[in-house]
Amino acid sequence: VSQSRYKGLLYKDYKVVPWCPRCGTGLSSHELAQGYMDVKDLSVYAKFEIVGFEKAYFLAWTTTPWTLPGNVALAVGEDVDYVEAKVGNEIFVLAKERLVLLGEAYEILAEHKGSEMVGMSYKPLYPYLKTEGEKKGLDASKAFQIYSADFVTTTDGTGIVHIAPMYGADDFVLGTKEGLPKFHTVDETGHFIQGTDFLEARFAKDETVAVDIIKDLAHRGLLFKKEKYEHSYPHCWRCKTPLLYYARDSWYIRMSALRDELLKANSTINWEPEHIKEGRFGEWLREVKDWAISRERYWGTPLPVWMTEDGEKVVVDSVATLKSLSKRSGNEYFVMRHAEAGHNLGWIVSTDEKNSPSLTEKGKEQAILGAESLKEAGIDLLVISPFVRTRETAELVRATLGMSQDQVIVDDRLREFGVYSFEGATWKEYHEHFPKTVDYFSAKREGDESYADVKVRVMELLYEYEQRFQNKKILFITHGGPAWVMSAGAKTYSIDQMYNMIHGERFDDMKNAEIRKLDFIPVPHNELYELDLHKPYIDEVELYKDGKKLTRVKEVMDVWFDSGAMPFAQEHFMGEGALSYPADFISEAIDQTRGWFYTLLAVGVLMGRGTPYKNVICLGHLLDKDGKKMSKSIGNIVEPFEQIDTFGVDAVRWCISIVTGK
């Protein structure tokens, strides 16, 4: 998305999203399509008292009574015909086409077009705009008036729509257009906020809430009618909780701008059955919505967007970019293996500090020569292992470079590889016991260290010194194993990558007194000091651009993005190397036209790769005896192994062949 071809496709908006109060996350359009259920809800015809008239009311209908405390406006259709109808001693204003709601005992006093009613005022049903508005400094001057809107219909309801901008997509658009105040009466968990009287702390979609709102309106003479309303309502496809349409910050990919590219890619795909191509899937693409790509969860792929305090947006598209923006101490690091000591002559294991041999005469010469090569580097600190051979090497280096004793730090984390059970044996014996197989770096005897253990301690040291010092040139003087592991860790190599290194670049082959510069930049890492771009590690690395601190946005990616990235993820594709693309064919059920089939195509087009599959077999759903889709979560599936145990596998196969015709 950060590529120039797609500039502007990623955006943030304050939008009403289908929100699961139980999971604490918004749902994308294709997730939403999978969770509709037929339900019967209490609906309300509420009376909104018209300012300046006695016993005169606008009638508005809602299937979500819990949103009425958040009402700030009413909407009418400009060209819709409305009537003032008298029933008893009350006057009701509603669409002429909806007079059926009044029965037969009414008298029409006047007729108006909706446009003539715009600007009229009514008394609020609830006082929460006043209480919440005062807290937030909201401008209530445009609230509780009539506005025109093109989404108003007369097919049901009253032809007058109740507007709660924070709890409906159309409501929010109208509220933004007209500058209506926006405030919440319900929190992210779906419960009414403090100060909402008899509703406080109650779950909005609990039917008792609707019942009590109806009772409250009736008690105050503001209820015209209530009734059960059967309709298809969205539920979370994961936990089956009824969703709330809820205004939240969310990040979007502007898929609507790629509609033509999506349709073009689909035109090359062979669909089975064929009608899905232009039917269910094609219709989805022709009406494609922007993808709500962010989720507010802990687990998940972190959204790679960082922001400066003044609102500049930075998309980090690779580890290389991450490194380029990482906060740096200005330190430069070098690692040196100690000069030759007595045990090196016989390749003897010497991991006990008390039995550490001294340098040979050759070793002393090596140390001085190594130090000579560093004179132009301007070393500021020597950080050394406590062993005799490393101390002696360090002393020769210090003296050659003209450094003071205050510039020497002894750190036990640079000690020799602790394979204590092999003390006095040869390294040949060690390697015969632990051959360089897959588990080579984690293998160890009880009480000994593995290479993985050494990596943790030396990398802990390296990251600590990155925080502790600035603009220093630091030389670590250690042993062969720790030097090799530190070099690999500085390059963010994982244990698996280190295993591959023993067949190529060999840091364990560092010669006595050899010095190498470390290629180190702080990166997100886990407890094993492996590169880890997930939470919480990704948020522990400080990034800066042009001197401005960058903070990662809190959201993670929609998991459906992970599903769509499958062709790239399976190849560990990061922009280079081979990619098996497109697949010859894929197969899934018909509900995935809004799920996996779509996200594969969406990510493929976003990556500039076109269609990710050539052929797709779209399966139907097995239904139970009541015509409902069989689902493990519902518990209405036929367990195949039970049938096989009861009737035999051949009978089951025969039955399936009759049902499917195959």
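Since this is a predicted model, take the numbers as computed values, not measurements. Hydrogens, waters and symmetry mates play no part in the numbers below; they use all other heavy atoms, side chains included.
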Practice task
Give me the one residue out of K549, K548, K545 that meets salt bridge (charged side-chain N to carboxylate O under 4.0 Å, His left out) with D310.
Solution key: K548

Practice task
Could you verify whether a donor N or O on one side chain and an acceptor N or O on the other, from S385 and H479, lie under 3.5 Å apart?
Solution key: yes

Exercise for the section: Kindly write out the residues that satisfy side chain to side chain contact (heavy atoms under 4.5 Å, CB included) with V556, not counting sequence neighbours, or none if the list is empty. Expected result: R295, R297, K535

Completion exercise
By side chain to side chain contact (heavy atoms under 4.5 Å, CB included), E464 pairs with (sequence neighbours left out) R413, R468

Handout entry: Flag, side chain of R22 to backbone of T241, donor-acceptor distance under 3.5 Å
Key = no

Exercise for the section: Compute whether any side-chain donor of one residue and acceptor of the other, for S450 and K455, lie under 3.5 angstrom apart. Expected result: no

Problem - Side chains of Y245 and D171, donor plus acceptor under 3.5 Å - result: no

Practice task
Tell me, please, which residues at least two apart from E514 pass side chain to side chain donor-acceptor pair (under 3.5 Å).
Solution key: R516

Problem - Qualifying residues under side chain to side chain donor-acceptor pair (under 3.5 Å), relative to T25, sequence neighbours excluded - result: none

Practice task
Would you please classify the geometry between the W291 ring and the Y598 ring as parallel, tilted or perpendicular, with 30° and 60° separating the classes?
Solution key: tilted

Handout entry: Pair E353 + R415, salt bridge at N-O below 4.0 Å
Key = no

Practice task
Look only at the side chain of N331 and the backbone of N471, and say whether a donor-acceptor pair between them is shorter than 3.5 Å.
Solution key: yes

Problem - All pairs passing ring-ring contact (aromatic ring centres under 6.0 Å, His included) where residues 516-536 contributes a residue, at least two apart - result: Y333-F520, Y463-F520, Y463-H525, Y463-Y529, H525-Y529

Practice task
Kindly write out the residues that satisfy salt bridge (Lys or Arg N to Asp or Glu O under 4.0 Å) with D453, not counting sequence neighbours, or none if the list is empty.
Solution key: K444

Problem - Backbone of P21 reached by a side-chain donor or acceptor of Y246 within 3.5 Å - result: no

Practice task
With sequence neighbours excluded, tell me which residues meet salt bridge (Lys or Arg N to Asp or Glu O under 4.0 Å) with K264.
Solution key: none

Exercise for the section: Verify, without hydrogens or angle tests, whether S587 (side chain) and I617 (backbone) share a donor-acceptor contact under 3.5 angstrom. Expected result: yes

Handout entry: salt bridge (charged side-chain N to carboxylate O under 4.0 Å, His left out) pairs, two or more places apart, involving residues 519-528
Key = none

Exercise for the section: State yes or no: are the ring centers of W427 and Y430 separated by less than 6.0 Å? Expected result: yes

Fill in the blank from the handout: side chain to side chain contact (heavy atoms under 4.5 Å, CB included) filter on A377, not counting sequence neighbours, yields F334, L374, I379

Practice task
For residues W271 and F597, establish whether the separation of their ring centroids is below 6.0 Å.
Solution key: yes

Practice task
Measure from the ring center of H433 to the ring center of F422 and say whether it is less than 6.0 Å.
Solution key: yes

Fill in the blank from the handout: Sorted by chain and number, sequence neighbours left out, salt bridge (Lys or Arg N to Asp or Glu O under 4.0 Å) with E555 holds for none

Problem - For L543, side chain to side chain contact (heavy atoms under 4.5 Å, CB included) partners two or more places apart - result: W306, V316, L322, L325, S326, V541, L550

Problem - G330 backbone acceptor or donor facing Q470 side chain under 3.5 Å - result: no

Practice task
For the residue pair S563 and T599, confirm or rule out a side-chain donor-acceptor distance under 3.5 Å.
Solution key: yes

Problem - Residue list, side chain to side chain donor-acceptor pair (under 3.5 Å) with T351, at least two apart or on another chain - result: E423

